[in-house]
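So the structure is just underneath, and the comments pick up after that.
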Amino acid sequence: MDFAPFSRIDPDLARQWADWQPQAFASLPAHRKDVPEPLALERFDPGAKPFSQGDKAKDKAAVEALAAELDGLQNLLYADRRYKLLVLLQGTDTSGKDGTIRGVFGRMSALGLRAVGWRAPTDVERAHDYLWRIHAQVPGAGETVVFNRSHYEDVLVPVVQGWITPEQHAQRLAHINDFERMLAETGTVIVKFMLHIGKDEQRERLQERLDDPAKHWKFEMGDIEARKQWDDYQRAYATLLAATHTPWAPWTIVPANSKTHRNLMIATVLREVLQKLDLRYPEGDPALSKFKVE
């Protein structure tokens, strides 16, 4: 099946983009008993800047220009109504999910745009299956929805903490592939970004939260506990990336030690994806062609 727009990406960009994706799509049908071999996440350098022009000022200017283009494309998506756009921002603490929303989506019109931040499920949400609350927040016709964290938390935290069995882990990975395929086949374009930072960069960002009064509110001791399990979380990420990189919902691993480059790479990919949707304004009512407002 042709999962537009991923099959129509500019060849030069597609080659550059592919360097920052898992090398192979998850096997089909998705495994429901065995967890796949994890991706070699260590081969992706979080300090790299593959989309950079080599000049920070030029990169910042490019992000500003791209943000303006994305605003126009998002308005066109809202008018067209044939598609829905779901953008997933997934990453460790301090990886830049909030900053990406401000830098890439902050200039977009609020019309048809929503950001959803995911935290631990409530008692009501726990009373349902783990995807129930996610499905309620996916975009409607013409909408752009940005997930700050996502359903992938359900194959990260429970795995690292040992709350689910390997069999349940494999089942959840398969459930997610099925869920995303259903969304894609009913008009949702899904673009998934894993914001990849290094352990030293995380330490600096956590310390900055402690040292800067304007950022102190963002610091939580839970971040320190999660940091102690850095290797376990990296392994869980490597597994989900291998298991859920699909033709209908591909992953992009974004080297995110540089905040400017992070925004540049994400905005570049999103512009390409939206441009390849062949969006158009709906035709007007012919009966109104000669109508004059008095």
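Numbering of residues begins at 1 and proceeds along the displayed sequence.
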Whether Gln202 side chain and Ile197 backbone form a donor-acceptor pair below 3.5 Å: no
Would you call Arg181 and Asp178 a salt bridge, using N to O less than 4.0 angstrom? no
Report, as yes or no, whether the 6.0 Å neighbourhood of atom CD on Glu204 holds more than 12 heavy atoms from other residues, nucleotides or ligands. yes
Could you walk me through whether Phe193 and Arg262 pass the side-chain contact (heavy atoms from CB on, under 4.5 Å) test, one step at a time? CA-CA 10 Å; Phe193 297 104; Arg262 174 200 69 208; over 6 Å; no
If we ignore hydrogens and angles and just use 3.5 Å, is the side chain of Gln21 paired with the main-chain N or O of Trp251 as donor and acceptor? yes
Looking at Arg205 and Glu208, is any side-chain nitrogen of the basic one under 4.0 Å from a carboxylate oxygen of the acidic one? no
For the CD atom of Glu125 and the CD1 atom of Ile134, what is their distance to the nearest 0.5 Å? 8.0 Å
Are the charged groups of Lys276 and Glu272 less than 4.0 angstrom apart, N to O? yes
So, taking the atom named CG in Leu76 and the one named CG in Leu70, what distance separates them when rounded to the nearest 0.5 Å? 12.5 Å
For the pair Asp80 (side chain) and Gly142 (backbone), establish whether a donor and an acceptor sit closer than 3.5 Å, ignoring hydrogens and angles. no
Could you tell me whether the side chain of Tyr237 and the main chain of Leu39 form a donor-acceptor pair under 3.5 Å? no
Can Arg81 be said to sit on top of Tyr78's aromatic six-ring, NZ or CZ under 6.0 Å from centre and within 45° of the ring axis? yes
Derivation and outcome, side-chain contact (heavy atoms from CB on, under 4.5 Å), residues Tyr233 and Val159: CA-CA 9 Å; Tyr233 274 104; Val159 172; over 6 Å; no
What closest approach, in Å, do Ala236 and Val160 show between heavy atoms, and which atom pair accounts for it? CB-CG2, 4.2 Å
Show the numbers, then the answer: is there a side-chain contact (heavy atoms from CB on, under 4.5 Å) between Arg82 and Leu277? CA-CA 10 Å; Arg82 287 178 298 151; Leu277 286 175; over 6 Å; no
Closest non-hydrogen atom pair, Ala249 against Glu180: CB-OE1, 3.3 Å
Leu13 and Val104: same hydrophobic cluster, using ILVMFWY side-chain contacts below 4.5 Å? yes
OG1 (Thr92) and CG (Leu156) are apart, to the nearest 0.5 Å, by 10.0 Å
Side chains of Glu42 and Gln234: is there a donor and an acceptor less than 3.5 Å apart? no
Met108 and Asp71 have their tightest heavy-atom pair at CA-OD1, 3.4 Å
Would you name the heavy atoms of Phe51 and Leu264 that are closest together and state the gap between them? O-CD2, 3.1 Å
Exam field: side chain Arg172 to backbone Asp154, donor-acceptor pair closer than 3.5 Å: yes
Geometric class of the Trp20/Phe44 ring pair [parallel <30°, tilted 30-60°, perpendicular >60°]: tilted
Is the backbone N or O of Gly198 less than 3.5 Å from a side-chain atom of Asn257, with the two atoms forming a donor-acceptor pair by type? yes
Side-chain heavy atoms nearer than 4.5 Å, only ILVMFWY residues, links allowed to pass through others: does that put Tyr281 and Leu85 together? yes
Please round to the nearest 0.5 Å and tell me the distance separating atom CG of Asp45 and atom NE2 of His196. 7.5 Å
Measure from the side-chain N and O atoms of Lys259 to the backbone N and O of Gly96, and report whether any donor-acceptor pair falls under 3.5 Å. no
Are the side chain of Lys192 and the backbone N or O of Thr244 linked by a donor-acceptor pair below 3.5 Å? yes
Reported CG-to-CH2 distance for the pair Asn177 and Trp248, which is rounded to 0.5 angstrom: 5.5 Å
Which atom pair, heavy atoms only, marks the closest approach of Thr239 to Pro36? CG2-O, 4.1 Å
Report the C-alpha separation of Gln171 and Ile164 in whole Å, then their side-chain angles, then the decisive distance to 0.1 Å, and conclude whether the side-chain contact (heavy atoms from CB on, under 4.5 Å) test is met. CA-CA 10 Å; Gln171 279 187 337; Ile164 59 176; over 6 Å; no
Going through the distances and angles, do Asp223 and Arg209 end up as a salt bridge (Lys or Arg N to Asp or Glu O under 4.0 Å)? CA-CA 11 Å; Asp223 297 342; Arg209 289 183 179 182; 3.6 Å; yes
Carboxylate-amine/guanidinium contact Arg149 Asp93, below 4.0 Å: yes
Measure the acute angle between the ring planes of His151 and Phe147, then classify it against the limits of 30° and 60° as parallel, tilted or perpendicular. perpendicular
Are Val124 and Leu131 linked, directly or through intermediate hydrophobic residues, by side-chain heavy-atom contacts shorter than 4.5 Å (ILVMFWY only)? no
Is it the case that more than 12 heavy atoms not belonging to Lys49 sit under 6.0 Å from its NZ atom? no
Donor on one side chain, acceptor on other, Ser150 and Trp118, under 3.5 Å: no
Has Gln168 got a side-chain atom pairing as donor or acceptor with Thr165's backbone, closer than 3.5 angstrom? yes
What heavy-atom pair brings Thr188 and Pro139 nearest, and what distance separates the two atoms? CG2-CG, 4.2 Å
Rounded to the nearest 0.5 Å, how far does CD of Glu225 lie from CD of Glu220? 12.5 Å
Do other residues, nucleotides or ligands put more than 12 heavy atoms under 6.0 Å from Gln161 CD? yes
Within the distance-only criterion (no hydrogens, no angle test), does the side chain of Gln74 pair as donor or acceptor with the backbone N or O of Leu111 below 3.5 angstrom? yes
Shared hydrophobic cluster for Met182 and Tyr152 (ILVMFWY, side-chain gaps under 4.5 Å): yes
More than 12 heavy atoms of other residues, nucleotides or ligands under 6.0 Å from CZ of Arg43: is that the case? yes
Give a yes or no on whether a salt bridge exists between Asp59 and Lys56, defined as a side-chain N under 4.0 angstrom from a carboxylate O. no
